[in-house]
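Values in this document were obtained by computation on a predicted structure and should not be read as measured data.
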Amino acid sequence: MRRNTSRSYGSIARSFHWLTALVVLANIVLGLTAVRLPMEALEAKVQLFSLHKTLGIAAFAIGLARILWALTQPKPVPVHPDRPVETLLAEIMHWILYAALVLVPLTGWIEHAATDGFAPILWPFGQGLPLVPKSTLVASVMASIHHVFAWVLIGAIALHVAGALKHAIVDRDGVLARMLRGRPAGTGAIQRHLAPALMAVTVFAAGAAFAIATRPDDAGPSAVLEQAASQWQVIEGELGFSVTQMGSEVQGGFSDWTAAISFDPDTGLGEVEVTINMDSVSIGMVTNQAKGREFFDVENNPVAVFHGAIRPDGVRFIAEGPLSLKGHEATVALSFTLQIADGIATMSGETVMDRRDWNIGQGYDDESSVGFPVALAVSLSARQ
């Protein structure tokens, strides 16, 4: 029988139940394993997270389909209507499980959509979501909520399994057989109450509040650079970079940097000294790893300094000179456009560097995990 009756689950409901169990349990194992892998095993870590995210979208689709099917079916009656507390707790747990089937993968999906690159989803869709901006803050908040909701789901599954075993081993009342083989069980009538649904809402609201309240602060750099004396004072600007990670482009940048600029518009000659606070780096969900010893080693190398000589280059300009970073020095040539109007200079430039020149990403000696080229992009406005 495909459809439910008042005393049994049909084959479709049972299939949804066991398919959901298989997918969710597999994904829990994938997620916990990926989280615990060290960054030294980056390739394996990223592959596991990609599988986790991909299977998460499958779990989301299956969960929605299961809920929609359940809404069209009669719900089998309680097996023990004479045990109101037990029946209420079981109903609350079912509401929590149904909600978690949607909320856990959805929060993880939003986290993924709000950031770039790290561990792509393997489905031919899903890297982005409508109305979800690329935002480190959104990704961070959703990551915290996803983490808490995942543990709510794990706890609910543990209680659900314990209850099923109690029914099978202690009570021997046919509850498990009803879901395994569709055997009828239970008497009485369905009692519908709002209390279980409200309790489930309360659990997830409390979980979201806890996740947000305990989320690590998006702290800025521990120290901020003082503004450098300059002939041209920077009004605003951005210093960003991108690198390929596991075949996907990841965007990053620095929020704290200063530029001391001297420039003669008549000759097109000048000099620039840029000081970068390396602790201000941001690169999505792997910011902490970027600050670590293998990459920027911010603790031992808190600043990077670029000394460039500016000269014309056709219709563009070039700032060329040494970049001191992580105890190493290599020449960088930044090509840029420049416009000056009403005493305001606006420039936009880019260059491509090789991370190996500064021993960035030591231990990642091929491009299977992290690409060698790093694209740097600079834009600023300055007033004389």
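Looking at W151 and I154, their side chains come closer than 4.5 Å, going by heavy atoms from C-beta outward. With a 4.5 Å cut-off on side-chain heavy atoms, L97 and T20 do not count as touching. At least one side-chain heavy atom of P120 sits under 4.5 Å from a side-chain heavy atom of Q127. Between P373 and E367 the shortest side-chain heavy-atom distance falls below 4.5 Å.
Under the side-chain hydrogen bond (donor to acceptor under 3.5 Å, both in side chains) criterion, N300 pairs with D297, sequence neighbours left out. Under the side-chain hydrogen bond (donor to acceptor under 3.5 Å, both in side chains) criterion, E294 pairs with no residue at all, not counting sequence neighbours. For F149, the ring pair (Phe, Tyr, Trp, His ring centres under 6.0 Å) partners two or more places apart in sequence, or in a different chain, are F204. Every residue two or more places apart in sequence or in another chain that forms a side-chain hydrogen bond (donor to acceptor under 3.5 Å, both in side chains) with R316 is listed here: S335, E350.
Applying the ring-ring contact (aromatic ring centres under 6.0 Å, His included) test to pairs two or more places apart or on separate chains, those with a residue in residues 325-382 are F295-Y364, F317-F336.
Of all the heavy atoms in W257 and I276, the pair that sits closest is CB-CA, 4.1 Å. Across all their heavy atoms, L225 and T275 have their closest contact at CD1-O, 3.4 Å.
Enclosure of atom CH2 in W18 by more than 12 non-hydrogen atoms of other residues, nucleotides or ligands within 6.0 angstrom is indicated. Under a cut-off of 6.0 angstrom, the local environment of CD in E238 is sparse, with at most 12 non-hydrogen atoms contributed by other residues, nucleotides or ligands. The environment of CZ in R293 is sparse: at most 12 heavy-atom neighbours from other residues, nucleotides or ligands sit within 6.0 Å.
Here E91 pairs with K75 in a salt bridge; the nearest charged N to carboxylate O distance falls below 4.0 Å. Taking the charged nitrogens against the carboxylate oxygens, E299 and K291 have no contact shorter than 4.0 Å, which rules out a salt bridge. Looking at K166 and E86, a side-chain N of the basic residue comes within less than 4.0 Å of a carboxylate O on the acidic one, giving a salt bridge.
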Output a table of donor-acceptor pairs, distance under 3.5 Å, between side-chain atoms of residues 176-186 and any protein atom two or more places apart or on a different chain; print 'none' if there are none.
from, atom 1, to, atom 2, distance (Å)
R178, NH1, V77, O, 3.0
R178, NH1, A185, O, 2.8
R178, NH2, V77, O, 3.4

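Aromatic ring pairs are classed by plane angle as parallel below 30°, tilted from 30° to 60° and perpendicular above 60°; the pair H94 and H160 is perpendicular.
Judged purely by atom type and a 3.5 angstrom limit, W232 has no side-chain atom pairing as donor or acceptor with the backbone of I261.
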